[in-house]
Structure formats: C-alpha cells, structure tokens
Amino acid sequence: MTTQPRLVEVRARILKENDVLARELRERFRQAGVSVISFVSSPGSGKTTFLEKLMARLGERHRIAALVGDLATDNDAARLGRACSRVRQITTGTICHLDAKMIAAALEGWKLEELDFLFIENVGNLVCPSSYDLGEEMRVVLLSATEGEDKPLKYPTIFNTSDVALITKMDLAGATEFDREAARRNIHMVRPGMRVLEVSAKSGAGMAEVEELFAGLRVAHPRI
Amino acid sequence: MHELSIALSMLEQIEEEAAKHGGTVRAVQVKIGVLSGVDCDALTFAWEIAREGTDVAGAQLEIERVPLLVRCPGCGSTHTPEIQAIYCPECITPEQDILSGRELELTSLEIDS
C-alpha cells in the first residue's frame with residue numbers, strides 16, 4: 001500500500017533568523033541614537049582607505065567606531081585603528097559575508113549610546129553580502145575608477161539593495177579612461193534614482209560631500 | 001558563494017518542521033527571487049552537500065524562480081523588467097516599487113507519512 005505524501009505549507013523566509021536579529025539590532029541602534037552605515041564592494045576598491053580618511057574627518061566632531069570584516073588578518077582594523085580607537089576586526093574564516101549574528105557578537109561590551117556613528121566594512125565581495133541585513137541604516141556600495149563601468153550590470157543585486165553608490169579613486173579616472181557617465185548610467189539601470197557620489201580619498205576631492213551626507217543622518221535621527 | 005550558508009539555514013528550518021509533523025521529507029519547495037542574490041544552480045549543489053548524513057538526506061530541492069515584478073509610480077503599470085534594466089518601459093520613470101523578486105522563501109515540504 002502506498003500513501004500519498006502530505007504537503008506541509010511553511011512559507012517562511014529562509015534567512016528568518018538573520019532578519020529577526022537584524023531587526024533587533026536596528027531597534028537597538030535607533031534607541032541608542034547611533035547612525036550605522038555599512039560599506040560593500042569588491043576587494044581592492046578602496047573601502048579601507050576611504051574609511052580611514054572619512055573617520056579622521058568625522059572623528060573631529062563625532063564619536064565613531066568601526067567593525068571590519070575580512071576572511072583573514074586584522075590588517076584593516078590596524079589601519080582604521082590609526083584613525084579611531086574603537087575598531088574591531090571580524091575574521092570570518094571561510095565565510096564570504098558578514099551576518100547579523102557576527103555584528104551582534106562584535107558589539108559586545110561597547111556602549112552604543114556613547115557613539116554617533118558605527119561604520120561596518122563588509123568582506124570584499126559583491127555577491128554574498130547582498131542577502132544579509134545587518135541592521136544598518138544605510139548601505140553604501142563602492143565602485144572604483146579602476147574597475148569596469150559595467151560592474152553594476154554584472155552585480156545588480158548588491159547595487160539594488162544599496163542606498164548610495166560611491167565611485168572611489170577618482171584621481172585615477174583619467175589614467176584608466178574611466179567613463180563616469182557610463183558608470184552612472186549603469187548604476188541607474190539597476191537602481192533607478194540612486195544617489196551617486198564621486199570621491200578621491202587620496203586628494204580629498206568629494207569627501208566633504210560624503211561627510212555632509214552622513215552628518216545629515218544625525219539631523220534626521222537625533223538622539224532620543 | 002554563500003549558498004551553502006543559505007542551504008544550512010534551510011536545513012535547520014526543514015528539520016524543525018519535519019520534527020513537528022513526523023514522517024520522511026521527500027521534497028522541499030522554495031521560492032528564489034531573481035533579485036535575492038542567490039544562484040539556483042549553486043543552491044542546488046549546496047543543498048546536496050548540506051542534506052548529506054541528515055534525516056532529510058533523501059529530500060529533493062524544487063526551486064521556483066520568481067521573476068522581478070515592478071510597479072511604476074509614474075504611470076501605475078506593472079512590468080517584469082530584466083534586473084539589469086529596472087525602469088518603466090512605458091514612461092521610462094526611473095523609480096521602482098518592487099512587488100516581487102526578492103524572495104528567499106521556504107514554501108512547503110512534501111512528507112511521506
């Protein structure tokens with residue numbers, strides 16, 4: 001005798017556990033009054049250099065901290081540690097992205113209400129981080145002038161799930177014949193209306209505009 | 001490749017559900033949106049590794065790929081654009097209201113009693 005298999009409806013998000021934890025983190029950040037911004041990009045697009053310069057600037061008037069994700073080494077945390085005393089490395093081993101659980105664990109012992117900004121540098125990867133909510137208020141995707149202008153078309157999901165795009169290494173744009181209009185057009189193909197900023201961490205060009213954008217989050221969400 | 005992490009999350013949920021209902025899980029149905037960041041072939045491969053040696057080792061993964069469905073706030077029409085060109089083909093409004101395509105959902109299980 002054969003029995004008919006039963007169909008059991010589940011209808012649950014596969015990353016439910018991460019989503020729930022990310023929601024809790026977002027609420028914790030909101031209550032503590034800290035603005036949390038995450039950064040995603042491919043390896044070598046200049047996340048750490050950009051953050052180093054940004055933190056040195058913002059650190060003059062704001063209380064900042066950073067979490068840095070990498071598969072191995074704490075080199076990036078050591079670099080950012082020169083700009084800010086509150087930096088922690090998250091070493092993921094073989095995992096190609098940060099998740100909400102890693103963020104929660106890395107925050108252990110930090111008093112969030114003593115911070116204005118928390119920056120999260122994700123593992124250099126344009127694919128995997130797109131599926132994981134970290135509880136951040138803003139996700140910034142970086143694309144450097146030394147990469148192809150068609151990166152947004154090759155990695156549409158990460159661009160679509162980000163809030164702001166930052167084109168870095170603009171000081172090299174001439175040397176690489178980077179087509180800024182094509183890059184902007186491609187970004188807007190996969191994420192219409194997205195704000196795009198151009199910076200050079202090396203020369204400092206465009207950094208004031210980025211600083212202004214982030215400082216605007218402090219006005220929008222004052223400490224409660 | 002984060003599909004193994006996704007497969008392991010699925011496995012955890014499936015084992016939980018299976019324990020509640022009893023029986024042997026024969027098939028697992030999931031919905032994966034084109035804008036979920038998950039590759040279906042990689043997920044199928046990862047599932048075969050994840051299920052090995054577990055109580056659901058015989059469960060087949062059945063993936064429903066969910067296309068992008070977008071509503072244009074400009075003209076109100078709905079359309080299913082490619083993920084490389086998300087704008088309204090009617091009025092070229094560069095805004096979007098994504099109705100579906102981000103799914104990463106465990107939909108149902110087929111269980112033998």
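As a basis for the values below, the full set of heavy atoms in this structure was taken, side chains included, without hydrogen atoms, waters or symmetry mates. In what follows, every chain begins at residue 1, and chains take the letters A, B, ... in the order their sequences are listed.
Of the two parts of Ile98(B), only the side chain, counted from C-beta on, holds a non-hydrogen atom closer than 4.5 Å to a non-hydrogen atom of chain A. For Glu3(B), no part sits under 4.5 Å from any heavy atom of chain A, backbone or side chain. Interface residue Gln29(B): only side-chain heavy atoms are found under 4.5 Å from chain A. Using a 4.5 Å cut-off between heavy atoms, Val30(B) touches chain A through its side chain atoms alone. The part of Glu17(A) that comes within reach of chain B is its side chain, from C-beta onward, which places non-hydrogen atoms under 4.5 angstrom from that chain. When heavy atoms are compared at a cutoff of 4.5 Å, Tyr155(A) does not approach chain B at all.
Looking at heavy atoms from C-beta onward, Ile6(B) lies in side-chain contact with Tyr132(A) at the 4.5 angstrom threshold. Between Glu110(B) and Arg6(A) there is no side-chain heavy-atom pair separated by less than 4.5 Å. Taking 4.5 Å as the limit, some side-chain heavy atom of Ser5(B) sits within range of a side-chain heavy atom of His97(A). Using a 4.5 Å heavy-atom cutoff, the side chains of Val10(A) and Leu109(B) are in contact.
Summarising the geometry of Val127(A) relative to His2(B), their closest heavy-atom pair is CG1-CE1, 4.3 Å, with the distance given to 0.1 Å. Contact detail for Gln13(B) and Arg13(A): the closest heavy-atom pair is NE2-O, 3.0 Å. The two residues His21(B) and Val8(A) have their closest heavy-atom pair at NE2-CG1, 3.3 Å.
With rounding to the nearest 0.5 Å, the separation of CZ in Arg11(A) from CG in Leu106(B) is 11.0 Å. Rounding to the nearest 0.5 Å gives a distance of 14.0 Å between CD1 of Ile111(B) and CD of Gln4(A). Residue Arg102(B) holds its CZ atom at 4.5 Å from CG of Asn160(A), rounded to the nearest 0.5 Å.
When each of Asp99(A), Leu7(A), Ile14(A), Asn18(A) is checked for heavy-atom pairs under 4.5 Å with chain B, Ile14(A) comes out on top. Considering only heavy-atom pairs separated by less than 4.5 Å from chain B, the leading option among Pro156(A), Pro129(A), Ala12(A) is Ala12(A). Contact count against chain B (heavy-atom pairs under 4.5 Å) is highest for Leu15(A) among Ile158(A), Leu15(A), Asn186(A).
Taking a 6.0 Å sphere around CZ of Arg180(A), one finds it holds 12 or fewer heavy atoms contributed by other residues, nucleotides or ligands. Crowding of Glu27(A) atom CD: a count of heavy atoms from other residues, nucleotides or ligands under 6.0 Å exceeding 12.
Contacts with chain A (heavy atom to heavy atom, under 4.5 Å) involve these residues of residues 35-56 of chain B, listed by number: Leu35(B), Ser36(B), Gly37(B), Val38(B).
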